[in-house]
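As the structure is a computational prediction, the values presented were derived from the model and not from experiment.
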Number of protein chains: 2
Amino acid sequence: MEALPADSIDVIFADPPYNLQLGGDLHRPDQSKVDAVDDAWDQFESFQAYDAFTRAWLLAARRVLKPNGTIWVIGSYHNIFRVGASMQDLGYWMLNDVVWRKTNPMPNFRGRRFQNAHETMIWASRDADAKGYTFNYDALKASNDDVQMRSDWLFPICSGAERLKDEAGRKAHPTQKPEALLARVILASTKPGDVVLDPFFGTGTTGAVAKRLGRHFVGIEREDAYIQAAEARIAAVEPLDASALKMAAGKRAEPRIPFASLLEAGLVSPGAELTDAKGRWTARVRADGTIAIGEDAASIHRIGAKVQGLDACNGWTFWHVRSGESLTPIDALRQRIRDALGAVSA
Amino acid sequence: MEALPADSIDVIFADPPYNLQLGGDLHRPDQSKVDAVDDAWDQFESFQAYDAFTRAWLLAARRVLKPNGTIWVIGSYHNIFRVGASMQDLGYWMLNDVVWRKTNPMPNFRGRRFQNAHETMIWASRDADAKGYTFNYDALKASNDDVQMRSDWLFPICSGAERLKDEAGRKAHPTQKPEALLARVILASTKPGDVVLDPFFGTGTTGAVAKRLGRHFVGIEREDAYIQAAEARIAAVEPLDASALKMAAGKRAEPRIPFASLLEAGLVSPGAELTDAKGRWTARVRADGTIAIGEDAASIHRIGAKVQGLDACNGWTFWHVRSGESLTPIDALRQRIRDALGAVSA
DNA sequence: TTCGAATATGAATCCTGTC
DNA sequence: TGACAGGATTCATATTCGA
């Protein structure tokens, strides 16, 4: 990065090492082993060593950024807080933090934490008083059903045909990002012809998307194998026509509403009774979002299945709340919540 | 917080000042003024001053936390990165970052950034090696259509009747959090009877929810007006019945049953054959509660692992007994013993 | 060839009680 | 405190396998 001229880059996208600190091996419930990110480039002696590394590249990045340039940095809870604090210390000015919500994250196999289902991106300008940075507000809004783009984005992880493989059929890079994510970043914060720098180029997702979208790019990478994979990949990319540069919209789906949300919304109270349509069974609602018949407590689905002697049951349609003479399926209460959510995507 | 005894708190929920740096008033497109958070308690001279404040309260919080206690801190991009880095520096161990996605966030009026539609919570244990912290995995899963709870939560902001107002009808606190958010936090990470500390109590959302859910709480607040609003609010809260507060627990909480108990109960006989679900392997039960293939005898787990060439195996679900045409997992026989035990103790 | 079943896998700081 | 062993634990998607 030192070789680049100062004030020459419009946007930086950086996916630095996350400094994961893994204990032993992790196995799925079927006893298969999870392929951990244990590469040497992700190992640091201490937080201090990681901070020194972070400040060094952030400082170099700030030098090459144009006064109205902006920077994106992606990370997880392992590193993003340290990175963010360093960015503020060095004079970057935060514009947003943006959450990449994964449609298909890896589960938490041991059931000891919440499923780690998102990563965080920081979007910042070079200086606190920078006003002229690029933000294609109208294009984003138009591509988002004419409502302004939120700070939480929904994309699948990079897999299938998009995921680069080596000769042996293994993933070429352990942390390849989806092109859809980069496309939104670039379409949001650059103009055609701008120069995008990626100081942790890896297998070149940033370069591939930049080329396709008619932006120039500079990639920096240490590992030969990654460089070769990136070069082959980018050579195969066809730039789009100027007229075709439109936004890939994020996926929209019905959000999953936990039964607990009915409690939180006050539509059902802890201690309330649920019955089936014919009033044959009655269960009592508990504060934790399970229901109970006697000592037997579980989800609305499991208890519904159990009383009927079935393997499965849709508790949303099976269970009802009584309001005066009539019974209302709890699915109708769920629909009320969904209606209230409006355009918020899953 | 200095007055509290050390190692006395199960969970801390903290909503510290956000250190917002607003350059002048913000107006909506219709020229109405946005009611910004510009209270005196939210003003800091510099990042250094904010960091010193943050480290001081985080340090005091860590002293009062039990060894297996956990802490939640909520913030926005203005402060959460500094807070998170300080937490790591002080020895807290991050378990998750959790994103609160707002169904109805304030729009970005200027159209110069993404709509700031989420806040970030950090959930951390006191020490890196703390394994015994409370996480009600099974209850959360059962309340969420039987899939594990993710790190991105969807809730409306606090408004309407839930939002506390002062005598003049203005909001009593500028950043009142929704009770639904606190309910999920408390249900996820505490047991009934636990003690929850909120060092930035404000108008007492944490206390109100803790009281309703049968948890004890300690609130710390400097502003008299907030204290009075919180006291009145919490006095009006009715705790839920103990029966509604029972937490769902999974197999982990079930009493251990040695395989030998199946022999003693006559559910399996010495010399009987066990097979896996597909009938690929067969082992013979021995009177001492081990099973054997040829001369090779060990526990149901070790033999199951060995035949599959794996390091581990749950013998309870792997091995089956034949009854006529069908195979019954020995786990079902174990369940019969547990049911019988429950009947006795109940 | 087709369809359903079985297998593979992803930035993961992922167990607990007893001797 | 360390070693040992019991046995609990997964969601969405893509690909391969088998009938």
Show the distances under 3.5 angstrom between N or O atoms of the protein and N or O atoms of nucleotides 10-12 of chain C.
{"unit_1": "C:dG10", "atom_1": "OP2", "unit_2": "A:Lys171", "atom_2": "NZ", "d": "2.7"}
{"unit_1": "C:dG10", "atom_1": "O5'", "unit_2": "A:Lys171", "atom_2": "NZ", "d": "3.1"}
{"unit_1": "C:dG10", "atom_1": "N7", "unit_2": "A:Arg28", "atom_2": "NH2", "d": "2.6"}
{"unit_1": "C:dG10", "atom_1": "O6", "unit_2": "A:Arg28", "atom_2": "NE", "d": "3.0"}
{"unit_1": "C:dG10", "atom_1": "N2", "unit_2": "A:Asn104", "atom_2": "O", "d": "3.4"}
{"unit_1": "C:dG10", "atom_1": "N2", "unit_2": "A:Pro105", "atom_2": "O", "d": "3.3"}
{"unit_1": "C:dA11", "atom_1": "OP2", "unit_2": "A:Arg163", "atom_2": "NH1", "d": "2.7"}
{"unit_1": "C:dA11", "atom_1": "OP2", "unit_2": "A:Arg163", "atom_2": "NH2", "d": "3.2"}
{"unit_1": "C:dA11", "atom_1": "OP2", "unit_2": "A:Pro174", "atom_2": "O", "d": "3.1"}
{"unit_1": "C:dA11", "atom_1": "N7", "unit_2": "A:Lys177", "atom_2": "NZ", "d": "3.3"}
{"unit_1": "C:dA11", "atom_1": "N6", "unit_2": "A:Pro16", "atom_2": "O", "d": "3.0"}
{"unit_1": "C:dA11", "atom_1": "N1", "unit_2": "A:Tyr18", "atom_2": "N", "d": "3.0"}
{"unit_1": "C:dA12", "atom_1": "O3'", "unit_2": "A:Asn116", "atom_2": "ND2", "d": "3.3"}
{"unit_1": "C:dA12", "atom_1": "N6", "unit_2": "A:Gly24", "atom_2": "O", "d": "3.4"}
{"unit_1": "C:dA12", "atom_1": "N6", "unit_2": "A:Leu26", "atom_2": "N", "d": "3.3"}
{"unit_1": "C:dA12", "atom_1": "N1", "unit_2": "A:Gly24", "atom_2": "O", "d": "3.3"}

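Distance check on atom P: D:dT9 versus C:dA8 gives 23 Å, rounded to whole Å. A gap of 23 Å separates the P atoms of C:dC14 and D:dG7, to the nearest Å. Taking atom C1' in both D:dT16 and C:dT1, one finds a spacing of 16 Å when rounded to whole Å. Spacing of C1' atoms, D:dG6 relative to C:dA11, comes out at 31 Å, to the nearest Å. Only the C1' atoms considered, D:dT10 is 14 Å distant from C:dT7, to the nearest whole Å.
Under the side chain to side chain donor-acceptor pair (under 3.5 Å) criterion, the residue pairs touching residues 298-317 of chain B are B:Asp296-B:Lys306, with sequence neighbours excluded.
Between B:Glu254 atom CD and D:dA8 atom P there is a gap of 9 Å when expressed in whole angstrom units. When rounded to the nearest whole Å, the span between CD of A:Gln115 and P of D:dC11 equals 7 Å. Computed from coordinates, the B:Asp311 CG to D:dA8 C1' distance equals 16 Å when rounded to whole Å. Between the CD1 atom of B:Ile300 and the P atom of D:dA5 there is a distance of 15 Å, given to the nearest Å. Taking atom CD1 on B:Ile257 and atom C1' on C:dG17, their separation rounds to 15 Å, with Å as the unit. The distance between atom NZ of B:Lys251 and atom C1' of D:dG6, rounded to the nearest whole Å, is 13 Å. Atoms CG (B:Asn314) and C1' (D:dG6) sit 9 Å apart, rounded to a whole Å. In this structure, CZ of B:Phe135 is placed 19 Å from P of D:dA8, rounded to the nearest angstrom.
Nearest-nucleotide assignment on DNA chain D puts the 5′-proximal partner with B:Arg302, out of B:Arg302 and B:Thr317.
B:Trp319 is linked by a ring-ring contact (aromatic ring centres under 6.0 Å, His included) to nothing, counting only residues two or more places apart in sequence or in another chain. Every residue two or more places apart in sequence or in another chain was checked for a ring-ring contact (aromatic ring centres under 6.0 Å, His included) with A:Phe109, and none qualifies.
The side chain of B:Trp316 has D:dG7 as its nearest neighbour among D:dT9, D:dG7, C:dC14. Closest approach to the A:Arg112 side chain among C:dT16, D:dC11, D:dT9 is made by C:dT16 (side chain taken as heavy atoms from C-beta onward).
With hydrogens and angles ignored, no donor-acceptor pair closer than 3.5 Å exists between the side chain of B:Gln148 and the base of D:dT9.
OP1 or OP2 of D:dA12 has not a single side-chain nitrogen or oxygen of B:Arg150 nearer than 4.0 Å. At the phosphate of D:dT10, OP1 or OP2 sits under 4.0 Å from a side-chain N or O atom of B:Tyr137. Using a 4.0 Å cut-off, no side-chain N or O of B:His301 falls inside it from OP1 or OP2 of D:dG6.
Between B:Lys66 and B:Asp194, no side-chain nitrogen of the basic residue sits less than 4.0 Å from a carboxylate oxygen of the acidic one, so the salt-bridge criterion is not met. Taking 4.0 Å as the cut-off between side-chain N and carboxylate O, A:Asp331 and A:Arg338 do not count as a salt-bridged pair. Salt bridge present: B:Asp152 and B:Arg150 bring a charged side-chain N and a carboxylate O closer than 4.0 Å. One finds no salt bridge joining B:Asp138 and B:Lys141 here, because no Lys/Arg side-chain nitrogen approaches an Asp/Glu carboxylate oxygen to under 4.0 Å.
Side-chain contact between B:Tyr77 and A:Thr120 is absent, with no heavy atoms from C-beta onward closer than 4.5 Å. A heavy-atom distance below 4.5 Å is not found between the side chains of A:Phe259 and B:Asp145. Residues A:Asp288 and B:Ser143 have side chains not in contact (no heavy-atom distance under 4.5 Å, counting atoms from C-beta outward).
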| Quick one: what's the B/S/- string for nucleotides 2-7 of chain C, heavy-atom cutoff under 4.0 Å, read 5' to 3'? | -----S
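Not a single donor-acceptor pair under 3.5 Å links the side chain of B:Tyr137 to the backbone N or O of B:Gly250.
Residue-level contact check: A:Glu162 touches neither bases nor backbone, having no heavy atom under 4.0 Å from any strand. Among the atoms of the strands shown, only primed sugar atoms or phosphate atoms (P, OP1, OP2) are found under 4.0 Å from some heavy atom of A:Ala161.
With a 3.5 Å limit on both pairing distances and Watson-Crick or G-U wobble geometry required, the stems of 3 or more pairs in DNA chain D span C:2-10 with D:11-19, C:15-19 with D:2-6.
Screening A:Asp35, A:Asp166, A:Thr203 against A:Lys171 for a side-chain hydrogen bond (donor to acceptor under 3.5 Å, both in side chains) leaves a single residue, A:Asp35.
When all heavy atoms of B:Leu65 and B:Asp10 are compared, the pair lying nearest together is CD1-O, 4.0 Å.
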